[in-house]
2 protein chains.
Amino acid sequence: MATGGRPGGEPGKRRPTSKDVAAAAGVSRSAVSFAFNDPARISEATRERILAAARELGYVPNAVARMLQAGQTKSLGVLLPQNVAKVMENPYYARFLLGVGQVCDREGFTLLLTPPLRDSMLKAIPYAAVDGFVVCGLETDRGEVEELRRRGIPFVLVDSDAAEGAPSVDVDDRNGAREAVEHLLQLGHRRIAVLSIDPGPTVATVGYRGSLSRRMAGIAEGLSGAGMTMNDVELLEVPCTRAEGYRATGAVMAGRAPTAILALSDVLAIGAVDALHELGLRVPGDVSVTGFDDLPEASWLRPRLTTVHQPIAAKGRLAAELLVSAVRGEDQHPHQVLGTALMVRDSSGRAPAPGGTGTRTRR
Amino acid sequence: MATGGRPGGEPGKRRPTSKDVAAAAGVSRSAVSFAFNDPARISEATRERILAAARELGYVPNAVARMLQAGQTKSLGVLLPQNVAKVMENPYYARFLLGVGQVCDREGFTLLLTPPLRDSMLKAIPYAAVDGFVVCGLETDRGEVEELRRRGIPFVLVDSDAAEGAPSVDVDDRNGAREAVEHLLQLGHRRIAVLSIDPGPTVATVGYRGSLSRRMAGIAEGLSGAGMTMNDVELLEVPCTRAEGYRATGAVMAGRAPTAILALSDVLAIGAVDALHELGLRVPGDVSVTGFDDLPEASWLRPRLTTVHQPIAAKGRLAAELLVSAVRGEDQHPHQVLGTALMVRDSSGRAPAPGGTGTRTRR
DNA sequence: CTGAAAGCGCTTACAG
DNA sequence: CTGAAAGCGCTTACAG
């Protein structure tokens, strides 16, 4: 429904209300309501008359009024860390929303996409007509979670830092990242570039947050097994798009030219592979590439991408299920962590002979 | 916000209302409202007291109540032809929603995804708290558009049959499909399979609708240039997923084995290419494949997909812009048609020597 | 079987 | 500068 007085189809016509229908059918507004919601309570004749009047006037009950009265919206909000366009550009979110959508479809909820308001995810809350929020990638400091909780609105945190007691769903980012590094190290790679996701401005003041911090920790852990530290890898941080992965890879290959690129998202890895091909380099012959996410696309590509699988849709599904429970006031199962797994495919291989860009064909 | 009494964070705590805040701060409810919406109207001391009380109680204004009173929701609905999970599985929609999202972000609207209710797109309308709808792929018969219009809710039709007077956005499907066929015919293909999107049950009773009907017409037109008709091609209709494209291609190659597959979506085409590779067939050496949409993925793949480009994001953007105009009661610019263009890339080539599966390597 | 009344939580002219 | 009152459009006990 639309609350606005101005219609699109027939300009100038105010949307009819139950009062209009009641008048047209010569009954009370309650009778109109019953005709729609509890047909058994009125005689068939009256009901037919009301429904006919409604059809005639183009009446449908106002959704907002109904929600206010019902005290529920039957709609779930997804509080996004970026604007809608950015999110939709990222296949990761399409997959995540698929999972959330499965639950919405099954439970009869509709799905509201809520981007930050004036750069704040929390500020968007009072403008969303929903029964609760799936909060994506909130860069939590305790304050924000506390604030969420104080408002008494059901919510589930995804890809954040687990805040004690707050229902949340994560994957084992640390383990996934560690496995990816170890894989590359085992293949003999020592000059590794980490193609990471731009953590935004807050990183300077508060350090890494959420999944990114766990992945960084996993990388450090993996490196330490080979006696290396984060200082021994080249770290690039870019927005999470194929184009940026492409661009950054061009830049890094023009410089210290690693033998392996460990990307923290498949989208970035895909851009990296393209850039390497464009430079006339073979993947994995000259440079190995690993991704993170295991998007469906990762195995469509040639070479098929070696990447860290995370159950994205399942994460969305679980988050939505926890949220629906919370909305219904059922018990909470606070902190859930789903597993990751390294998928070794074709984009990673042994490091080229040590010491050398020698054999490498540069266009 | 959430209207529900049951919070997720602190169970049992009723959400505070402006009345609670007013009581705590010792002022009237109007004062509370002013503190949030028109701070200049009250003294700084009072305002601070109110805001402090609100913070203390975890109060945020109820979005639904606010919408009801304002007569607008600042949110746009997308009326989907399928459930949310299905839609999110289709990269076409991700791209379309990207376009819609750009406008929402810019104009400060939030985006509600509304799947059909009991198989009816129209039935979902009275449950959506939005100012208007982008209606995707409605299988219009005049009745439904008429009903939409009578309800006085702003709407814009996308990928439907243009209904006179109803604002709508389409692409030139017919031309796109015709170009794809002509391209294959020019390359010498005569045994062509059309891998089409399952039109759903209504097709039996009312024939093809919307973009699908236009694409079919374009194909027929293209074929006629070579003295062929629809009877001379093999038509397969499957749900629009990569997996179904894969499956159908396996089936069709086991049968009459065309030299070209014209898919009516990139997702299907991608599945087709995979299936052909799996069968040990070369693309385009043994079989040519063309797609429709020109998803970003189409040019990531090897071979890069020959496909019909349609400006998906632009379509979403334009639809949302028209809708926002309608919501604001501005003038309508009814029927907009965006262009398509054949992108000839690497998945299509000359038909193999006529007459023969002879040279083909079958695993 | 039907109607008058209260109330969901907010905002906003209107008085003071 | 602040408060009491009406109203957004609906639903639902409660009387009749």
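Sequence lines set the chain letters: A, B, ... in the order given, protein chains first and strands last, and positions in each chain run from 1. Note that the structure is a prediction, hence the values are computed from the model and not measured.
- Using a 4.0 Å heavy-atom distance criterion, B/Thr17 is classed as a sugar-phosphate-only contact.
- The number of heavy-atom neighbours closer than 6.0 Å to CD of B/Glu48, taken from other residues, nucleotides and ligands shown, is above 12.
- Remark: A/Tyr59 pairs with A/Phe36 by the ring pair (Phe, Tyr, Trp, His ring centres under 6.0 Å) rule, at least two apart or across chains.
- Here B/Ser33 lies in heavy-atom contact (under 4.0 Å) with a base.
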Structure string for DNA chain D in dot-bracket form, Watson-Crick and G-U at under 3.5 Å, | interchain: |||.||||||||.|||

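- Following rounding to the nearest Å, A/Ile50 (CD1) and C/dC1 (P) show an atom-to-atom distance of 13 Å.
- Between the side chain of B/Gln69 and the base of C/dG9 there is no donor-acceptor pair of N/O atoms closer than 3.5 Å.
- Protein atom CG of A/Leu68 is 9 Å distant from nucleotide atom C1' of D/dC8, rounded to whole Å.
- Listed for the B/Arg15 side chain is no donor-acceptor partner under 3.5 Å among the backbone atoms of A/Gly152.
- Atom OH in B/Tyr59 sits roughly 10 Å away from atom C1' in C/dT11 (whole-Å rounding).
- The side chain of B/Ser18 places an N or O atom within less than 4.0 Å of a non-bridging phosphate oxygen (OP1 or OP2) of C/dC10.
- Within the 4.0 Å cut-off from OP1 or OP2 of C/dT11, at least one side-chain nitrogen or oxygen of B/Arg66 is found.
- Here the separation of D/dG16 from D/dT12, taken at their C1' atoms, is 16 Å to the nearest Å.
- At least one donor-acceptor pair closer than 3.5 Å links the side chain of A/Arg150 to the backbone N or O of B/Arg55.
- Every residue meeting the side chain to side chain donor-acceptor pair (under 3.5 Å) condition with B/Lys315, not counting sequence neighbours, appears here in chain and number order: B/Tyr92, B/Asp159, B/Gln310.
- A salt bridge links A/Glu146 and A/Arg149; the closest N-O separation between the charged side-chain nitrogens and carboxylate oxygens is under 4.0 Å.
- Residue pairs meeting the side chain to side chain donor-acceptor pair (under 3.5 Å) criterion with at least one member in residues 101-112 of chain B, sequence neighbours excluded: B/Gln102-B/Arg317, B/Arg106-B/Glu321, B/Glu107-B/Arg328.
- Contacts classified as ring pair (Phe, Tyr, Trp, His ring centres under 6.0 Å) and involving residues 60-89 of chain A (residues at least two apart or in different chains) are not found.
- Of the residues in residues 34-46 of chain B, those with a non-hydrogen atom less than 4.0 angstrom from any atom of DNA chain D are B/Arg41, B/Ile42, B/Ser43, B/Thr46.
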